[in-house]
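Worksheet: the structure to be examined is printed underneath.
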Amino acid sequence: MTRYFREWSENIIFIKDFGEEECKELHKITSAYIGFISKTELPDLSPGIFFINKICEYRSTKNIKLIDEIKTAPYQPNLKLIHHLSYAAIQREVGNYDTAKQFLNEYGEGVDSAIINFQLLLALETSDPDYADSTIQVAVDKSIMILDQHLNFIISCVQYYGSSIGDKVYKIKVENKSQEAIFIEICKHFLGDKVNIELLQAQEDAAIITLKPFIALIYHKNGLTPKGLELIRSCVDESTLDLRTYVYIDLLSSDNAYNVELYKCLNKLRRAGYINNPSLLSMEYRLASKINDYPVMKETSRILYEQNPENGNILSCYMLALSELGETSELPELCVKAKKYVKDDVSANNVHTVLLRAKLYNEAVDFLYTYIKQQAHPSEMICMTFHQSSFIQSTEPIINKEYDEVFDGAFVYYSFNGESRTDIIQAGNRLDCMIGKKVNEEIELSKPLGKDVIIIQKIHNKYYKLIADIYQDI
């Protein structure tokens with residue numbers, strides 16, 4: 001049980017709900033043991049059992065009230081590492097990163113590779129170069145032997161915080177000397193020192209899987225992309241999104257010649273459930289659009305839209321994919337949202353085109369009208385698009401329609417005491433007396449020294465008013 005529990009404690013740092021079912025079973029077993037002991041006069045034969053019971057109960061129930069009990073629960077000396085990793089992992093899980101960092105700092109004697117590894121993870125997650133630097137300094141000062149599988153976060157810290165960490169990283173002791181040589185060359189790359197490419201090539205077959213992505217990246221940066229791809233292909237798992245996959249994608253993205261392979265990789269990741277990385281989904285959408293893979297365009301844009309419903313560009317992409325698949329039932333509702341969130345001409349033009357293709361002509365005209373009116377200085381291109389709509393057979397009747405009777409919001413041509421004028425007539429303004437009146441109808445407005453005479457000449461709508469304004473600007 002102790003061997004299993006240590007493995008679980010280290011893995012829980014990285015894998016959410018790792019060992020959840022096993023924890024339920026362990027909690028059941030330890031609870032039975034504690035219950036049995038409490039009914040006897042036997043001394044506690046295993047004080048660590050109470051700590052294990054509490055940690056397993058927390059993992060089973062996620063009851064945060066147990067966190068303080070876990071910290072203070074008694075444990076045997078051989079469970080110290082498990083105790084500290086477990087408590088720090090829980091604090092990290094609930095967002096208390098500073099508490100986790102401080103608790104690990106207070107470990108005292110016996111700090112080992114697992115503690116250093118977790119501390120560097122926390123430094124990366126909290127963007128804390130000082131914490132990374134002090135942790136690596138402890139590893140150097142105490143000559144802590146770093147296990148091969150724990151080199152990843154050290155390298156990542158050197159990659160992001162190299163200026164803070166400096167060349168002290170070269171003094172770190174690594175479990176395996178052959179891995180240490182590779183580790184040093186990788187650190188040289190991120191610190192800007194000259195890398196021994198020949199050494200890496202000679203040692204790459206012996207490199208552990210943790211180091212191979214970095215070697216592949218170095219090959220790529222030194223003009224050896226095909227060799228880097230060959231190496232990363234040998235260890236990547238396309239159903240898992242980790243460092244190997246990111247490097248693989250990075251190298252594939254460097255040349256359009258790898259687009260087919262990149263597209264397949266992104267497909268596999270999405271189908272495996274990795275949908276929370278917008279950049280990867282956007283990349284897959286762009287590749288899908290190049291080959292007119294509309295089902296993938298629809299799925300990727302849908303996920304992106306659900307994650308960011310106020311992004312007008314993503315919304316327009318989703319509407320475009322639906323249109324290409326002939327799935328138009330959702331478009332009227334999406335059009336309402338597009339009026340609010342579309343902010344650029346390209347997206348606006350896409351939405352307008354989609355609505356026209358779907359024969360939603362009224363929605364198309366009203367969307368483009370709304371978009372133009374929202375712009376402080378609408379572009380000539382988008383104004384010309386609306387202008388052209390006044391000649392297209394499907395939308396011309398909507399824009400140029402003439403009405404028999406003035407309505408609230410109508411654009412009216414009229415004479416005022418013989419002078420030709422135009423106005424948008426709205427309820428509550430000075431000319432709302434026209435509402436309900438017909439073409440050629442005369443309206444007399446009394447005033448102290450006579451009267452004003454209004455004769456209604458033509459009645460149009462707001463779309464026609466925008467056309468008139470566009471003509472004035474041409």
Side-chain angles (χ1 to χ4, degrees), residues 10 13-14 88 92 97 100-101 104-105 111-204 206-225 228 231-232 235-236 241-251:
E10 292 195 27
I13 297 171
F14 312 110
R92 168 181 174 258
Y97 291 96
K101 289 193 283 189
L104 293 177
N105 279 349
V111 173
D112 76 354
S113 183
I115 296 293
I116 296 295
N117 190 51
F118 196 2
Q119 288 178 301
L120 293 178
L121 169 64
L122 293 171
L124 289 165
E125 290 185 329
T126 58
S127 301
D128 191 343
D130 292 337
Y131 191 68
D133 179 52
S134 63
T135 299
I136 290 177
Q137 188 66 60
V138 168
V140 171
D141 292 345
K142 295 190 175 184
S143 298
I144 296 170
M145 183 67 71
I146 303 298
L147 301 181
D148 294 344
Q149 67 265 29
H150 290 161
L151 293 173
N152 185 19
F153 292 143
I154 298 178
I155 295 172
S156 294
C157 284
V158 173
Q159 179 180 1
Y160 296 113
Y161 313 135
S163 58
S164 298
I165 294 169
D167 59 6
K168 71 169 69 69
V169 72
Y170 297 143
K171 300 176 183 178
I172 285 178
K173 294 176 64 177
V174 180
E175 176 186 24
N176 186 303
K177 288 302 177 184
S178 64
Q179 305 306 319
E180 183 177 287
I182 298 171
F183 166 74
I184 288 174
E185 295 305 318
I186 294 171
C187 290
K188 284 181 180 178
H189 168 73
F190 290 119
L191 291 172
D193 296 334
K194 184 175 177 57
V195 178
N196 188 337
I197 298 293
E198 291 74 19
L199 184 149
L200 291 178
Q201 290 177 324
Q203 296 287 333
E204 71 173 47
I208 60 172
I209 196 169
T210 304
L211 300 182
K212 286 185 177 182
F214 294 109
I215 299 174
L217 190 61
I218 292 172
Y219 286 162
H220 170 59
K221 297 298 182 183
N222 284 272
L224 301 171
T225 301
L231 178 60
I232 200 66
C235 65
V236 72
L241 186 58
D242 58 16
L243 177 63
R244 296 168 297 169
T245 329
Y246 278 116
V247 171
Y248 182 46
I249 290 170
D250 189 32
L251 269 60

Tell me the closest heavy-atom pair linking [X] and [Y], and the distance in Å.
X    : Y    : result
Q159 : F214 : OE1-CE2, 4.2 Å
A216 : L251 : O-CD2, 4.0 Å
F118 : R92  : CE1-CD, 3.7 Å
A100 : L122 : CB-CD1, 4.0 Å
I182 : A207 : CD1-CB, 3.6 Å

Evaluate T126 against Y131 for side-chain contact (heavy atoms from CB on, under 4.5 Å), listing each step before the verdict.
CA-CA 9 Å; T126 58; Y131 191 68; 5.8 Å; no
Could I get the full list of side-chain contact (heavy atoms from CB on, under 4.5 Å) partners for K168, not counting sequence neighbours?
D133, I136, Q137, I165
Minimum side-chain heavy-atom gap [X]-[Y] below 4.5 Å:
X    : Y    : result
F183 : I154 : yes
L224 : I197 : yes
Q179 : L211 : yes

Could you point out which residue of I155, N152, T135 forms a side-chain contact (heavy atoms from CB on, under 4.5 Å) with L120?
T135
Out of N222, I218, I215, which one pairs with V195 under the side-chain contact (heavy atoms from CB on, under 4.5 Å) rule?
I218
Value rounded to 0.5 Å, distance of [atom1] in [X] from [atom2] in [Y]:
X    : Y    : atom1 : atom2 : result
H189 : K221 : NE2   : NZ    : 6.5 Å
C235 : Y248 : SG    : OH    : 11.0 Å
L104 : I116 : CG    : CD1   : 9.5 Å
D167 : I184 : CG    : CD1   : 11.5 Å
I172 : L151 : CD1   : CG    : 8.0 Å
E125 : L121 : CD    : CG    : 4.0 Å

Please check: side-chain N/O of [X] versus main-chain N/O of [Y], any donor-acceptor pairing under 3.5 Å?
X    : Y    : result
E175 : D148 : yes
Y160 : L124 : no
N117 : S113 : no
R244 : I232 : no

Determine, step by step, whether Y161 and D128 satisfy the side-chain contact (heavy atoms from CB on, under 4.5 Å) criterion, reporting the C-alpha distance in whole Å, the side-chain angles of both residues, the deciding distance to 0.1 Å, and the verdict.
CA-CA 9 Å; Y161 313 135; D128 191 343; 5.7 Å; no
Going by an N to O cut-off under 4.0 Å, is there a salt bridge joining K173 and E180?
no
With no hydrogens and no angle check, just 3.5 Å: does a side-chain donor-acceptor pair link S143 and K171?
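No, because no side-chain N or O of S143 sits under 3.5 Å from a partner of the opposite role on K171.
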Give me each pair satisfying side chain to side chain donor-acceptor pair (under 3.5 Å) with a member in residues 191-202, each pair once, sequence neighbours excluded.
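Every side chain to side chain donor-acceptor pair (under 3.5 Å) pair that includes a residue of residues 191-202, provided the two are not neighbours, is Y170-D193.
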Please list all pairs meeting side chain to side chain donor-acceptor pair (under 3.5 Å) that have one or both residues in residues 207-220, counting only residues at least two apart or in different chains.
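Residue pairs passing side chain to side chain donor-acceptor pair (under 3.5 Å), neighbours aside: E204-Y219, H220-T225.
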